[in-house]
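Structure first, then comments.
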Amino acid sequence: MGKPTWTVPGDDRVHMVVYQGKTFSGNAKVTIDGMYYEATPISAPGIGALARFKAGGREVILRLPARSGELPDLAIDGIFLGSGLAVDASQALACAPELGAAQVKTRQKMRAGRTSFLTMIVLTVVNMFLLVADTTFSFPFSAIAPQLVFGIGFYGFQETGAMPLLVICGAATLLMLGVYLLLYFLSAKYVAASWIALILFTVDTAILIFLSVGNATNPIIDLILHAWVLWALGSMIHAQHKLNRFSRDVSGAQPYVPQ
């Protein structure tokens with residue numbers, strides 16, 4: 001089955017609009033005359049999730065599928081091409097600027113949380129390379145548990161030559177990092193993945209606090225940055241729940257026909 005496609009008459013020629021689905025962050029994806037475009041959808045009450053595009057200078061409004069198996073629809077001059085129903089989609093969007101701004105801001109918070117999460121994962125990997133290079137520097141914006149396990153295997157191998165210990169600890173480290181990375185990708189669509197990431201990093205923070213007790217070095221920066229990651233994950237989860245509420249508000253919406 002091909003992708004939903006529409007033709008949009010223009011002043012000079014007919015333009016081809018092809019629906020390409022949604023990004024991990026929820027943006028609508030289309031190609032217009034072969035060129036790729038994205039737009040952040042806005043949940044218009046009584047209509048659904050709508051995204052604006054320009055096809056040859058002409059505004060078209062895409063209504064995204066509200067549920068699995070439903071097809072998208074495209075409105076030109078207030079008429080949905082699929083259903084043939086008249087909708088004042090432009091007016092619906094214009095009458096809800098605060099709602100649209102709130103959704104955009106919420107998506108920005110979600111992206112910021114995911115960016116902080118990915119940065120933590122990357123810096124954790126960088127710290128392991130720094131450990132192998134025998135440097136005294138490391139990035140505190142990272143997870144302690146994978147580094148601790150890897151350090152046990154690496155230094156144990158250096159002191160005793162125990163290759164099995166290095167292999168086991170290395171495999172455990174890769175598993176932990178793999179879980180974190182998998183949760184990062186899944187968190188774009190599933191709030192449950194974000195909750196699991198928050199729980200795992202809370203455990204990681206507890207390990208850091210335990211190791212900090214009686215530690216001669218001052219781990220305050222590590223603790224502050226761990227708290228920052230926890231806050232970022234919590235903020236991301238809160239944003240995801242808000243976006244889910246926006247989606248539920250329009251999940252049962254039918255095209256609005258002006259009286």
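Only a predicted model underlies this, so the values are computations on that prediction, with no experimental measurement involved.
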Identify, with sequence neighbours excluded, every residue that meets side chain to side chain donor-acceptor pair (under 3.5 Å) alongside Thr31.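 Partners of Thr31 by the side chain to side chain donor-acceptor pair (under 3.5 Å) criterion, ordered by chain and then number, come out as Gln20.
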I want to check something: taking the side chain as every heavy atom from C-beta on, are [X] and [Y] in contact at a cut-off of under 4.5 Å?
X     : Y     : result
Asp33 : Arg13 : yes
Trp6  : Val30 : no
Ile32 : Phe53 : yes
Val8  : Leu74 : yes

What are the two closest non-hydrogen atoms of [X] and [Y], and how far apart are they?
X      : Y      : result
Ser116 : Phe141 : O-CE2, 3.5 Å
Arg58  : Pro9   : NH1-O, 2.6 Å
His15  : Ala55  : CD2-O, 3.9 Å

Does Leu64 share a hydrophobic cluster with Tyr36, counting links as ILVMFWY side-chain heavy atoms below 4.5 Å and allowing steps through other members?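 Looking at the clustering, Tyr36 is in a separate group from Leu64.
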With clusters defined by side-chain heavy atoms of hydrophobic residues (ILVMFWY) lying less than 4.5 Å apart, directly or transitively, does Val149 cluster with Phe210?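 In one cluster: no.
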Hey, can you pull the donor-acceptor pairs under 3.5 Å for the side chains in residues 176-190, sequence neighbours left out?
from: Ser187; atom 1: OG; to: Arg114; atom 2: NE; distance (Å): 3.1
from: Ser187; atom 1: OG; to: Leu183; atom 2: O; distance (Å): 3.4
from: Ser187; atom 1: OG; to: Tyr184; atom 2: O; distance (Å): 2.6

Who are the side-chain contact (heavy atoms from CB on, under 4.5 Å) partners of Pro140, not counting sequence neighbours?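 Partners of Pro140 under the side-chain contact (heavy atoms from CB on, under 4.5 Å) test: Ile221, Asp222, Leu225.
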Ignoring hydrogens and angles, write down the donor-acceptor pairs under 3.5 Å from the side chains of residues 118-134, residues two or more places apart or on other chains.
from: Thr119; atom 1: OG1; to: Thr115; atom 2: O; distance (Å): 2.8
from: Thr124; atom 1: OG1; to: Met120; atom 2: O; distance (Å): 2.7
from: Thr124; atom 1: OG1; to: Ala143; atom 2: N; distance (Å): 2.9
from: Asn127; atom 1: OD1; to: Phe139; atom 2: N; distance (Å): 2.7
from: Asn127; atom 1: ND2; to: Phe139; atom 2: O; distance (Å): 2.7
from: Asn127; atom 1: ND2; to: Ser142; atom 2: OG; distance (Å): 3.0
from: Asn127; atom 1: ND2; to: Gln147; atom 2: OE1; distance (Å): 3.2

For residues 194-209, which side-chain N or O atoms pair as donor and acceptor with protein atoms under 3.5 Å away, sequence neighbours left out?
from: Ser194; atom 1: OG; to: Gln240; atom 2: OE1; distance (Å): 2.7
from: Ser194; atom 1: OG; to: Gln240; atom 2: NE2; distance (Å): 3.3
from: Trp195; atom 1: NE1; to: His241; atom 2: NE2; distance (Å): 3.3
from: Thr202; atom 1: OG1; to: Leu198; atom 2: O; distance (Å): 2.7
from: Asp204; atom 1: OD1; to: Ile144; atom 2: N; distance (Å): 3.1
from: Asp204; atom 1: OD1; to: Ala145; atom 2: N; distance (Å): 2.7
from: Asp204; atom 1: OD2; to: Ile144; atom 2: N; distance (Å): 2.9
from: Asp204; atom 1: OD2; to: His226; atom 2: NE2; distance (Å): 2.7
from: Thr205; atom 1: OG1; to: Phe201; atom 2: O; distance (Å): 2.8

Can you tell me how far apart OG1 (Thr7) and CE (Met16) are? Round to the nearest 0.5 Å.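 CE of Met16 is found 6.5 Å from OG1 of Thr7.
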How far does CD1 of Ile237 sit from CE of Met110, to the nearest 0.5 angstrom?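 So the CD1 of Ile237 and the CE of Met110 are separated by 11.0 Å.
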Evaluate Lys22 against Lys29 for side-chain contact (heavy atoms from CB on, under 4.5 Å), listing each step before the verdict. CA-CA 5 Å; Lys22 292 190 290 186; Lys29 301 187 298 182; 5.8 Å; no
Name each donor-acceptor pair under 3.5 Å that joins a side chain in residues 150-169 to protein atoms two or more places apart or in another chain, with its distance.
from: Thr160; atom 1: OG1; to: Gly156; atom 2: O; distance (Å): 2.6
from: Thr160; atom 1: OG1; to: Ala162; atom 2: N; distance (Å): 3.3

Answer yes or no: is there a donor N or O on one side and an acceptor on the other, between the side chain of Arg63 and the main chain of Ala75, under 3.5 Å?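 No; judged by distance alone, with no hydrogens or angles, the pair does not exist.
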